[in-house]
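Below: one structure, written as C-alpha cells.
Atoms within a ligand are numbered from 1 in the order they appear, just like the ligands themselves.
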Amino acid sequence: MRRPVVAGNWKMHGMRAENARLVEALIEGADDASCEVVICPPFVYLWETGRQLKDTTIALGAQSVCAEVQGAFTGEVSAAMLKDAGCRYAIVGHSERRQLYYEDDALVARKFVAAQAAGLVPILCVGETLEERDRGVTEDVIGRQLDAVIAVAGVTALARAIVAYEPVWAIGTGKTATPDQAQAAHAFIRGRVAARDANIGGGLRLLYGGSVKAANAAELFGKPDVDGGLVGGASLKADEFLRICAAAT
Ligand code: 13P
C-alpha cells in the first residue's frame, strides 16, 4: 500500500506574516490527515516555517537544491544545509528550473544524488511541453528524464524518492491533465521503473502536478497510479489545500 502524499510548492510566493498564518491554518486542519502533507516554502523561510511545523505531522521540503556539496557557489544552497534547516524533501527538476534556469537532465540527476546523499528525499519532476505532447513524444521525454536519473543514481535510489508527473502545459494554466491522461503517464513511469525492478516500481509514489484544485483532486487521485499531488497555486490557500489533502486520504 502506497501512502498518499500531497506536497505544496509555494514557488516564489508569500512573506513572513502571511506564511505564518497559512501554516497555522494548515497545522490546525492537517493534523488528522492520513495522507502525508509536505510544504515547500522559499529557501529564506524554511527555517522559520520548519520551527512552526515542529511536532506536527506536516513535513518541510525545499523547492530546489544545489548539486555541489559545498564551496564557492554563490547563491546556492546545499542539501546538507537544507537537511540542517529541517527539510525532509527537496524538489529536483521542476520544469520552471529546467526551462527558466537551464537545468538539464544531467544536472537534475546530480541534484537528485546530492539530495539523497544528505538524507533528503528527492521529489523528481518530469513532464512534457505542449509542443512535445502534440508531436506525440510525451513518453520519450518522460522516459529520457527518468532514465537520466536512473543512469546516475541507480534504480534502487528510487526506493527513497518520489516522482512527480507535471505536464508543463498544465502548470499554472488552469488546464489540468484529464484523469485518464495523468493515469496513462503515471502507468508509463511506473512501468518504466518496474521493468528494472518490479518491487521498486510497484512501491514508487507518483504525484500528479498541474493545476490541481479541490474541485479536480478526488478524480485525479482516484486513478490507480496517482498517489497524490504536487500543488502550486492552490497550496497558497489553506482551505483549498486542506480539501486537496482530504481528497488524497
Ligand atoms: P500549479 O498547481 O499552480 O499549476 O503548479 C503546479 C506545480 O508546478 C507544482 O510544482
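Looking at Lys11 next to ligand 1, an N or O pair under 3.5 Å apart turns up. For His94, a nitrogen or oxygen atom sits less than 3.5 Å from a nitrogen or oxygen atom of ligand 1, counting backbone and side chain alike. Close N/O approach between Gly232 and ligand 1 is found [any backbone or side-chain N/O within under 3.5 Å]. Geometrically, ligand 1 and Leu230 share no nitrogen or oxygen pair separated by less than 3.5 Å. Note: an N/O pair closer than 3.5 Å links Gly172 and ligand 1 by distance alone.
At a cut-off of 3.5 Å, with distance as the only test, no side-chain donor of Glu131 or Trp169 sits close to an acceptor on the other residue. Using modelled atom types and a 3.5 Å distance limit, the side chains of Asp105 and Gln145 yield no donor-acceptor pair. When only modelled atom types and interatomic distance are considered, His94 and Gln63 share no side-chain donor-acceptor pair under 3.5 Å.
Applying the side-chain contact (heavy atoms from CB on, under 4.5 Å) test between Val163 and each of Ile142, Leu206, Leu207, Leu230 identifies Leu206 as the sole match. Ile39 pairs with exactly one of Asn9, Val23, Asn19 by the side-chain contact (heavy atoms from CB on, under 4.5 Å) rule, that one being Val23. Considering Arg2, Arg205, Arg3 as possible partners of Asp227, the one that fulfils the salt bridge (Lys or Arg N to Asp or Glu O under 4.0 Å) test is Arg2. Put simply, the residue from Arg98, Lys111, Arg110 that forms a side-chain hydrogen bond (donor to acceptor under 3.5 Å, both in side chains) with Glu103 is Lys111.
Counting atoms of ligand 1 from 1 in the listed order, those under 4.0 Å from a heavy atom of Ser211 are 1 (P), 2 (O), 4 (O). Heavy-atom proximity to Gly210, at under 4.0 Å, picks out these atoms of ligand 1: 4 (O), 6 (C). Less than 4.0 angstrom separates some heavy atom of Asn9 from each of these atoms of ligand 1: 9 (C), 10 (O). Less than 4.0 angstrom separates some heavy atom of Glu166 from each of these atoms of ligand 1: 6 (C), 7 (C), 8 (O), 9 (C), 10 (O). Using a 4.0 Å cut-off to heavy atoms of Ala170, the atoms of ligand 1 that qualify are 4 (O).
The closest approach between Gly174 and ligand 1 stays at or above 4.0 Å for every heavy atom of the residue. Within the structure, the closest approach of Ala234 to ligand 1 does not fall below 4.0 Å when heavy atoms are considered. Residue contacts with ligand 1 leave out Lys213, since none of its heavy atoms falls under 4.0 Å from the ligand.
Of the heavy atoms in Ser95, none comes closer than 4.0 Å to ligand 1. Looking at Ile171 against ligand 1, both its backbone and its side chain come within 4.0 Å, counting heavy atoms.
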Inset, instruction - Please lay out, stage by stage, how Lys213 and Asn216 fare under the test side chain to side chain contact (heavy atoms under 4.5 Å, CB included). - result: CA-CA 5 Å; Lys213 303 186 256 306; Asn216 58 26; 3.9 Å; yes

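Remark: minimum distance from atom 3 (O) of ligand 1 to any protein heavy atom is reached at Gly233 N, 2.8 Å.
When hydrophobic clusters are built by joining Ile, Leu, Val, Met, Phe, Trp and Tyr residues whose side-chain heavy atoms come closer than 4.5 Å, directly or via intermediates, Leu124 is not grouped with Leu107.
Between Tyr165 and His186, the two ring planes are perpendicular [angle over 60°; tilted spans 30° to 60°].
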